[in-house]
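Notes to accompany the following structure.
All chains are named by letter (A, B, ...) in the order of the sequence lines, taking the proteins before the strands, and each is independently numbered beginning at 1. None of the values given here were measured: they were computed from a predicted structure. Hydrogens, waters and symmetry mates play no part in the numbers below; they use all other heavy atoms, side chains included.
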Number of protein chains: 2
Amino acid sequence: MEYKIKSRIWIEVDNNVLLGEGRVRLLNAIEKTGSLSKAAKSLNISYKKAWTLVDAVNKSAKKPVTQSSIGGKGGGGAILTPYGKSLIEAFDAINKNCWKHLDTQLEKIQSL
Amino acid sequence: MEYKIKSRIWIEVDNNVLLGEGRVRLLNAIEKTGSLSKAAKSLNISYKKAWTLVDAVNKSAKKPVTQSSIGGKGGGGAILTPYGKSLIEAFDAINKNCWKHLDTQLEKIQSL
DNA sequence: ATTCGTTATGTCTTTACAAATATAACGAAA
DNA sequence: TTTCGTTATATTTGTAAAGACATAACGAAT
């Protein structure tokens with residue numbers, strides 16, 4: 001019976017979403033696995049969905065966020081660009097800050 | 001081509017939503033119009049949807065947020081309880097604070 | 001040249017959620 | 001006792017998002 005404040009933040013450009021929590025999760029998984037298909041598996045989403053998300057991010061970001069290669073040893077792969085890495089870092093920092101900030105506000109509602 | 005940070009906050013109790021921006025908008029409209037059906041019309045949503053939302057709020061809040069009457073002069077109506085009024089006030093204050101806070105964080109991303 | 005695991009897409013199906021429609025009940029006032 | 005605008009609720013219909021499925025291309029290694 002306790003109230004909780006929850007939040008979602010995201011970055012938009014030209015009125016469409018560039019980056020939200022889900023996309024950041026996916027980019028993190030790409031960084032960890034070096035592959036879009038492995039990242040998708042680790043998050044239990046379809047490859048198609050993962051690809052669509054990454055494609056949307058790359059199309060609306062100022063600079064590409066991932067770089068991918070097709071064929072060759074291991075079939076190919078995907079890695080984050082330096083811009084991509086700093087972007088998700090900044091996002092996570094802002095998000096955590098926001099949670100902290102909201103936690104301090106909760107008492108305003110509890111005490112009613 | 002400018003990045004923007006957007007956010008949504010909401011209050012949960014027992015893992016389901018108690019209050020979000022849409023519900024607060026609706027409660028504000030009820031306060032202004034004194035009627036759920038008029039509030040729904042003013043927000044261009046169906047009466048059914050408005051009723052379902054208000055019902056969910058009243059069911060999960062610690063105390064009722066609206067009080068309604070059926071029949072009689074004017075057919076009836078709905079008003080906010082004192083608890084409801086203070087709840088939406090607190091929500092709006094927290095929400096605006098959050099926006100302000102996020103605006104100060106935007107440069108972290110712009111500068112990348 | 002064949003295999004392999006990947007990236008890159010198109011298309012079709014399902015499903016969850018929103019919207020539309022219908023109907024009952026209520027009580028003051030005329 | 002009929003009218004009126006409202007609250008309250010069920011049921012059906014429509015739609016957009018998610019998921020499933022299928023297929024092509026690629027390039028290093030064997």
Side-chain angles (χ1 to χ4, degrees), chain A residues 8 10 12 15-61 64-81 84, chain B residues 6 8 10 12 15-61 63-81 84:
Chain A
R8 276 270 150 122
W10 66 95
E12 283 191 7
N15 287 327
N16 49 9
V17 176
L18 164 63
L19 211 62
E21 280 186 26
R23 295 178 187 205
V24 166
R25 243 196 316 274
L26 177 57
L27 293 178
N28 271 316
I30 289 172
E31 188 177 26
K32 192 192 285 181
T33 61
S35 145
L36 184 50
S37 70
K38 280 178 192 145
K41 265 180 202 138
S42 79
L43 296 180
N44 271 3
I45 62 176
S46 70
Y47 173 83
K48 170 77 187 277
K49 182 173 182 182
W51 181 85
T52 306
L53 286 171
V54 169
D55 188 53
V57 174
N58 280 321
K59 273 180 180 152
S60 51
V65 168
T66 65
Q67 192 182 358
S68 58
S69 62
I70 313 178
K73 179 183 176 183
I79 58 174
L80 295 194
T81 64
Chain B
K6 302 230 171 174
R8 275 274 151 119
W10 66 94
E12 283 190 7
N15 286 330
N16 50 8
V17 176
L18 164 63
L19 211 60
E21 280 184 27
R23 296 178 186 202
V24 166
R25 243 196 314 276
L26 178 57
L27 293 177
N28 272 315
I30 290 173
E31 189 177 27
K32 192 193 284 182
T33 61
S35 145
L36 183 50
S37 70
K38 280 179 192 145
K41 266 180 202 138
S42 78
L43 296 179
N44 271 3
I45 62 176
S46 70
Y47 174 83
K48 169 73 189 278
K49 182 172 182 184
W51 182 85
T52 306
L53 285 171
V54 169
D55 188 54
V57 173
N58 280 322
K59 272 178 180 153
S60 52
K63 294 189 257 179
V65 168
T66 66
Q67 190 181 1
S68 58
S69 62
I70 312 179
K73 179 184 176 183
I79 58 173
L80 295 193
T81 64

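If you check the side chains of A/T33 and A/S35, you find no donor sitting under 3.5 Å from an acceptor.
When the P atom of C/dT6 is taken as reference, atom CD1 of A/I30 falls 13 Å away, rounded to whole Å. Between A/I70 atom CD1 and D/dA28 atom P the separation is 12 Å, expressed in whole Å. A/L26 has its CG atom 16 Å from the C1' atom of D/dA18, to the nearest Å. Atom CH2 in B/W51 sits about 16 Å away from atom P in C/dA25, given to the nearest Å. In this entry the distance linking NZ of A/K41 with P of D/dA20 reads 14 Å, nearest Å. At whole-Å resolution of the value, OH in B/Y47 and P in C/dT23 are 17 Å apart. Put simply, CG on B/N44 is 15 Å from C1' on C/dA20, counting in whole angstrom units. The distance from atom NZ of A/K49 to atom P of D/dC21 is 16 Å, rounded to the nearest whole Å.
Listed pair B/S37 / D/dG5 fails the phosphate criterion, with no side-chain N or O lying under 4.0 Å from OP1 or OP2. Considering only side-chain N and O atoms, A/S68 lies under 4.0 angstrom from the phosphate OP1 or OP2 of C/dA8.
In this structure, A/S46 reaches neither bases nor backbone, as no heavy-atom distance under 4.0 Å exists between it and the strands shown. Within 4.0 Å (heavy atoms only), B/T52 reaches no atom of the nucleic acid at all.
Taking 4.5 Å as the limit, some side-chain heavy atom of B/K49 sits within range of a side-chain heavy atom of B/L53. Counting heavy atoms from C-beta outward, A/L18 and A/V57 have side chains that approach closer than 4.5 Å.
Counting heavy atoms of neighbouring residues, nucleotides and ligands inside a 6.0 Å radius, atom CD of A/E21 exceeds 12 of them.
Comparing B/I45 and A/S69 by the nucleotide of DNA chain C that holds the closest heavy atom to each, the one mapping nearer the 5' end is A/S69.
Listed candidates were C/dA28, C/dT9, D/dT7. Nearest to the side chain of B/K73 is C/dA28. Nearest to the side chain of A/A78, among D/dG19, C/dT7, D/dT7, sits C/dT7.
Between the side chain of A/T66 and the backbone N or O of A/I79, no donor-acceptor pair lies under 3.5 Å.
For A/K48 and C/dG10, a side-chain-to-base donor-acceptor distance below 3.5 Å is present, hydrogens and geometry of angles not being considered.
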